[in-house]
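Here's the structure, in structure tokens; my notes come after.
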Number of protein chains: 2
Amino acid sequence: MALNASRKPVLDGEECDVSGWDMDNCPVRDVLDRIAGKWSALLLGALARQPYRFGELRRLVPDISQRMLTQTLRDLQRDGYIEREVFPTKPPSVEYRMTDLGRSLFEPLSKVILWAEANHPSVKAARVKYDESELA
Amino acid sequence: MALNASRKPVLDGEECDVSGWDMDNCPVRDVLDRIAGKWSALLLGALARQPYRFGELRRLVPDISQRMLTQTLRDLQRDGYIEREVFPTKPPSVEYRMTDLGRSLFEPLSKVILWAEANHPSVKAARVKYDESELA
DNA sequence: GATTGTTGGTCTCAAAAAGAGACTAGCACT
DNA sequence: AGTGCTAGTCTCTTTTTGAGACCAACAATC
């Protein structure tokens, strides 16, 4: 415990939280687990620009399966980030658009996306470095 | 195509990107897929405060399995967000700490986390509303 | 001196999630 | 009559995740 003694005590039987996060009803996990999905950020990014229809989104994100597109859109709709509107045209068309809640989420989220674009080279470099040191 | 005609054309055979994202080497997906994991944000949040040891992190996030803790820490280390230092104490101890790159990522990421905490009620309300309309 | 605990993991097996692709119905156009 | 478009669903396979046993070395306890 010598190492720990030099730092702030961390576990005292009651404290099981990170920065005050309650693990049993953790907002961070409850909210983030959804938008953290493989496709959520991509779809939110698209719909932040303009409304799209199902098929348009599928073409926009070519390697998403119809199954995951349906499911991710449902999840985003359920959490209130996007709306789904069905137009009773002859082949019925469905349009997805962002809600105010979705836009308010996308504001900070877009900062992370921007960071990802800007720092992609650094991350790739870190991976190369790690992989090199691993094969030794 | 009547619906589409009123909007900006979206697909013209060459344009398969979202806001200029290249799907074949998409930085957003490449970077976000990692930090989007179920545990990454939680661990980054913890390590943003102070360095922690393996066992401390495990106690801090009680419902993570050792397997996923190991794997997530490795992934975060590989992408350059955290560092791993082994101390040759009698039972060897390992300390994880955030890098500068990790801190620079956590800056925008923390905004999303703050949003999640602030808007958790709205999201929960949206879910209740959705579930009610579904069972009809 | 034998038991127990602590360290930071790995290994295996079961369960859950994701991906691939076929299939649907109704209508339009050829 | 045949083809294609719409927005999905259904099934099957592969990947990811979770639960839990197991490991070696040493420390303190009994």
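Just so it is clear, the values below take in all heavy atoms, side chains as well, and ignore hydrogens, waters and symmetry mates. Throughout, a chain's letter reflects where its sequence line sits, starting with A, and its residues are numbered from 1.
- If you check residues 64-75 of chain B against DNA chain C, the residues with a heavy atom closer than 4.0 Å are Q66(B), R67(B), T70(B), R74(B), listed by number.
- What separates CZ of R59(B) from P of dG9(C) is a distance of 14 Å, to the nearest Å.
- Rounded to an integer number of Å, the gap from E85(B) CD to dG8(C) P is 13 Å.
- The CZ-P distance, from R84(B) to dT7(C), rounds to 15 Å in whole Å.
- Relative to the side chain of V94(B), the nucleotides dG9(C), dG8(D), dT7(C) differ in distance, and dG9(C) lies closest.
- Remark: P of dT9(D) and CZ of R58(A) are 13 Å apart, rounded to the nearest angstrom.
- Taking 4.5 Å as the limit, some side-chain heavy atom of R29(B) sits within range of a side-chain heavy atom of D63(A).
- For the pair L57(B) CG and dG9(C) P, the interatomic distance rounds to 11 Å; values are reported in whole Å.
- Remark: P of dG9(C) and CD of E56(B) are 13 Å apart, rounded to the nearest angstrom.
- Taking for each of G55(B) and K90(A) the nucleotide of DNA chain C with the nearest heavy atom, the 5'-most of the two is the partner of G55(B).
- Within the structure, every side-chain polar atom (N or O) of W39(A) is placed at least 4.0 Å from both OP1 and OP2 of dA17(C).
- Atom CG of D33(A) and atom C1' of dT17(D) are 13 Å apart (whole Å).
- Phosphate contact (OP1/OP2 of dA17(C), side-chain N/O of K38(B), threshold under 4.0 Å): absent.
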Distance-only donor-acceptor pairs under 3.5 Å for side chains of residues 33-46 of chain B, two or more places apart:
residue : atom : partner : partner atom : Å
R34(B)  : NH1  : D79(B)  : OD1          : 3.4
S40(B)  : OG   : R34(B)  : O            : 3.0

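- T99(B) places a side-chain N or O within 3.5 Å of a backbone atom of Y81(B) that can act as its donor or acceptor partner.
- Distances shown here put a side-chain N or O of Y96(B) below 4.0 Å from the OP1 or OP2 atom of dG9(C).
- A48(B) meets the side chain to side chain contact (heavy atoms under 4.5 Å, CB included) test with M98(B), F106(B); sequence neighbours excluded.
- Applying the salt bridge (charged side-chain N to carboxylate O under 4.0 Å, His left out) rule to R97(B) yields the partners E85(B), E95(B); only residues at least two apart in sequence or on another chain are considered.
- Each end of the helix from dG1(C)-dC30(D) to dT24(C)-dA7(D) gets its own axis from five base pairs, and the two axes differ in direction by 30°, given to 10 degrees.
- Distance Y52(B) OH to dT7(C) C1': 19 Å, rounded to the nearest Å.
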Before you tell me yes or no, could you show the steps for L47(A) and L76(A) under side-chain contact (heavy atoms from CB on, under 4.5 Å), namely the whole-Å CA-CA distance, both residues' side-chain angles and the distance that decides it to 0.1 Å?
CA-CA 11 Å; L47(A) 293 172; L76(A) 293 177; 5.6 Å; no
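- A search for side-chain hydrogen bond (donor to acceptor under 3.5 Å, both in side chains) contacts involving N119(A) returns W115(A), not counting sequence neighbours.
- Checked against side chain to side chain contact (heavy atoms under 4.5 Å, CB included), K129(B) has no partners two or more places apart in sequence or in another chain.
- Residue pairs meeting the side-chain hydrogen bond (donor to acceptor under 3.5 Å, both in side chains) criterion with at least one member in residues 64-78 of chain A, sequence neighbours excluded: R78(A)-D131(B).
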